[in-house]
Amino acid sequence: MIKITLPDGAIKEVDSGTSAMDVALSISEGLARNVLSAKVNGEVWDASRPITEDSTLSLLTWNDEEGKATMWHSSAHLMAEALEFLYPGVKLAIGPPIENGFYYDIDFMDYTFSENDLKKVEDKMKELAKQKLVFERKEVSKADALAYFTEKEDPYKLELINELEDGTITMYTQGNFTDLCRGPHMPHTGPIKAIKLLSVAGAYWRGDEKNKQLTRIYGITFPKAKELTEYLERLEAAKQRDHRKLGKELELFTFSQKVGAGLPLWLPKGTALRERLINFLKKAQDDSGYDQVCTPHIGHKDLYVTSGHYEKYGADSFQPIKTPNEDEEFLLKPMNCPHHCEIYASSPKSYKDLPVRYAEFGTVYRYEMSGELHGLTRVRGFTQDDAHIFCMENQVEEEFEKVIDIVKYVLKSLDFQDYTAQISLRDKDNRDKYIGTDENWEKAEQAIINTTKRAGLNTVIEYGEAAFYGPKLDFMVKDAIGRSWQLGTIQVDYTLPERFELEYTGADNQKHRPIMIHRAPFGSMERFVAVLIEHCAGKFPLWLTPTQVAILPLSEKYNDYCQNLSKSLKNYDIRALVDDRNEKIGKKIRDTELEKTPYMLIIGEKEAGDNVLAVRKQGEGDLGSFTLEEFAKKIQQEVEEQIKY
RNA sequence: GCUGAUGUAGCUCAGGGGUAGAGCACUUGCUUGGUAAGUAAGAGGUCACGGGUUCAAUUCCCGUCAUUAGCUCCA
């Protein structure tokens, strides 16, 4: 007899060799039907695998992440079976579960496979799933595994087996399909009720571009058709708030083939919004003791050799610009820090001057591989809301905290509630890729950990994600539909002051080296606006939105009255536009609703006569009558509420 | 960069070896309205760019540029 401890602490005494499924059956048949796999002593197992020693056991169903992964992994095998049936002789590489579904990498040999063929595979999978094919686990020797896949002529599996240790190899079979697999798998294919193959893409064998490119098929399965429908609806909703689509519709930005890939062009409305964001941050920075500086878009190659960026990024950067006569080399600036270091160095500094904080909305250029470009989130020219703080050792933590405060203020004002601070430290093993001394790294890493703890941030530590010159704190922001983006960043740097030989004179009349903090609360204007658009689905906070109020005259008779109204609102710093088109009021309201303008004023005979405003709120409807003063006050209050410290 | 898909009016898209079409937007006329689409007419295109095949190419082929999905999830 062995003892099985269940999650609620209950202990069951059962015969050795009892499976998780047996335990489930002893609890209830309904539960047993839903079991996909089981966690035995912390390891995910097949529900049917015999347990032979005292163990903790939790049964995994569709409601557990591991349960989902089990079903998706099994679905990948099911797809492989369907593919082998429809395309005999295809070579299979790997097929794991992923965050949303699964994929399988396939070498289609001489077959051609396109998106149009997905349906056919999907149908075959459905047919197979209905047969409730049982997944059988088998431990095999390395020799047997090699023999099986040699016979099958599958080079990918053979390569994988050769790297495995004898005695640890397992195979799984369902129906007519056998695969090398660590498992676990669900008991049988029955619970796979809804199947959708989503896309076909290329992927290199083992992720290495020198290897052969295989065909990757992505899919997802569910135990209920309704869940699939809901999933597809969520995908559709995400598409609807894609910043590339909304950016076009709301006339915020565009791209031009002639200007070049990855070089965004900001349209008037987008620029106005961007300027508003910039002024908002400038004010916060002004209040926090920052000084604005301004530096050129190019810098001498030597500047970047000194900073170390040339060595690190030279090949990835744009090519140097050569002067015609002197043959000097300049680079488009990939970052602002070296310029700011030279500003610091332009005059002697005393400890009494520190900290100095140089801020610049600096446009930088970086060469991104053409395939990496993506809307406004990954571009080749972008503007950082950059600043560099030069301070003394004993000021680092306080400065760091102040920066965290600004970032928190920015995120709050734009209604980002849900974010994580990711502390990026050095790779634990491979330390060659970082510049600077171990001692300085230790100090900087500790400073970040301490301050984030004190600021009460929700943090996660990532090793190996640090910049090459120092550790950093990145703000990972979740948008409204749960996707995570890296926006603001704060980085401690002991290295650049060293390389630029920056100094200050201490109270002891000795020269000391300042410490540098890089920071950008938005990250870049481009990425921030992109994420903001997706976060609010184009319905910007009132303080930021391009047009706050649309004035809709009921007929052309009231156009002049409305123009005057617009001017009056301007005196209250309210941005209003008059829709003076020759259209009916229903049409004007509909168009304004679709443009997501927050407020509408409907002006006809009654309003013009009584000197009142009929107010309508976007998405909500009629709010009733207001006087101009009442309305202006309402708007101003709402704006102040949003950008309060 | 690699692989696939895509590129037709300002936007969203249909079409197809014999020099192009819809809806919305735009212009003009009628209409002057009460909280999500009034009505009629009109204008608008080197079918991304360059080459090839053909009597004829926007359509087929090749190349370039751009957009897009994936190449990060590891039996």
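A, B, ... follow the sequence lines: proteins, then strands. Residue 1 opens every chain.
Salt-bridge check for A:Glu372 with A:Arg378: passed, with a basic side-chain N closer than 4.0 Å to an acidic carboxylate O.
Under the rule for a salt bridge (Lys or Arg N to Asp or Glu O under 4.0 Å), A:Asp154 has no partner lying at least two apart in sequence or in another chain. Considering only residues two or more places apart in sequence or on other chains, A:Phe108 meets the ring-ring contact (aromatic ring centres under 6.0 Å, His included) condition with A:Tyr87, A:Phe113. Residues passing the side chain to side chain contact (heavy atoms under 4.5 Å, CB included) test with A:Glu43, sequence neighbours excluded: A:Trp45. Checked against salt bridge (Lys or Arg N to Asp or Glu O under 4.0 Å), A:Arg426 has the following partners two or more places apart in sequence or in another chain: A:Asp438, A:Glu442, A:Glu445. In terms of the side chain to side chain contact (heavy atoms under 4.5 Å, CB included) criterion, residue partners of A:Asn100 (sequence neighbours excluded) are, by chain and number, A:Ile220, A:Tyr231. Not counting sequence neighbours, A:Phe540 has no partner by the ring-ring contact (aromatic ring centres under 6.0 Å, His included) test.
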Donor-acceptor pairs under 3.5 angstrom involving side-chain atoms of residues 255-267 of chain A: please list them, not counting sequence neighbours.
residue  : atom : partner  : partner atom : Å
A:Ser256 : OG   : A:Lys258 : N            : 3.0
A:Ser256 : OG   : A:Val259 : N            : 3.0
A:Trp266 : NE1  : A:Glu526 : OE2          : 3.4

Indicate every side-chain donor-acceptor pair of residues 133-140 of chain A with a distance under 3.5 Å to a residue at least two apart or in another chain.
residue  : atom : partner  : partner atom : Å
A:Arg137 : NE   : A:Tyr172 : OH           : 3.3
A:Arg137 : NH1  : A:Glu139 : OE2          : 3.1

Convert the base pairs of RNA chain B into dot-bracket notation, remembering that pairs crossing earlier ones are written with [ ] and that bases paired across to another strand are shown as |; include only Watson-Crick or G-U pairs under 3.5 Å. (((((((..((((....[..)))).(((((.......))))).....(((((..]....))))))))))))....
Filtered N/O pairs between nucleotides 32-36 of chain B and protein, under 3.5 Å:
residue : atom : partner  : partner atom : Å
B:rU32  : O2   : A:Ser555 : OG           : 3.2
B:rU32  : O2   : A:Glu556 : N            : 3.1
B:rU32  : N3   : A:Glu556 : OE1          : 3.4
B:rU32  : O4   : A:Glu556 : OE1          : 2.8
B:rG33  : N7   : A:Leu554 : O            : 2.5
B:rG33  : O6   : A:Asn582 : OD1          : 3.3
B:rG34  : O6   : A:Glu605 : N            : 3.1
B:rG34  : O6   : A:Lys606 : N            : 3.0
B:rG34  : N1   : A:Glu607 : OE1          : 2.8
B:rG34  : N1   : A:Glu607 : OE2          : 3.4
B:rG34  : N2   : A:Glu607 : OE1          : 3.2
B:rG34  : N2   : A:Glu607 : OE2          : 2.5
B:rU35  : O2'  : A:Arg616 : NH1          : 3.2
B:rU35  : O2   : A:Arg616 : NH1          : 3.3
B:rA36  : O4'  : A:Arg590 : N            : 3.4
B:rA36  : N7   : A:Arg616 : NH2          : 3.3
B:rA36  : N6   : A:Glu593 : OE1          : 3.1

All N/O pairs under 3.5 Å across the protein-nucleotides 40-46 of chain B interface:
none

Could you list all N or O pairs between the protein and nucleotides 64-72 of chain B that sit under 3.5 Å apart?
residue : atom : partner  : partner atom : Å
B:rC65  : O2'  : A:Gln257 : NE2          : 3.3
B:rC65  : O2   : A:Gln257 : NE2          : 3.0
B:rU68  : OP1  : A:Arg244 : NH1          : 3.3
B:rA69  : OP1  : A:Arg244 : NH1          : 3.2
B:rA69  : OP1  : A:Arg244 : NH2          : 3.0
B:rG70  : O3'  : A:Tyr218 : OH           : 3.0
B:rG70  : O2'  : A:Gly202 : O            : 3.3
B:rG70  : N2   : A:Gln213 : NE2          : 3.2
B:rU72  : OP2  : A:Gly207 : O            : 3.1

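Protein atom CG of A:Leu180 is 12 Å distant from nucleotide atom C1' of B:rC74, rounded to whole Å.
Using a 4.0 Å heavy-atom criterion, one finds that A:Leu552 contacts no nucleic acid atom at all.
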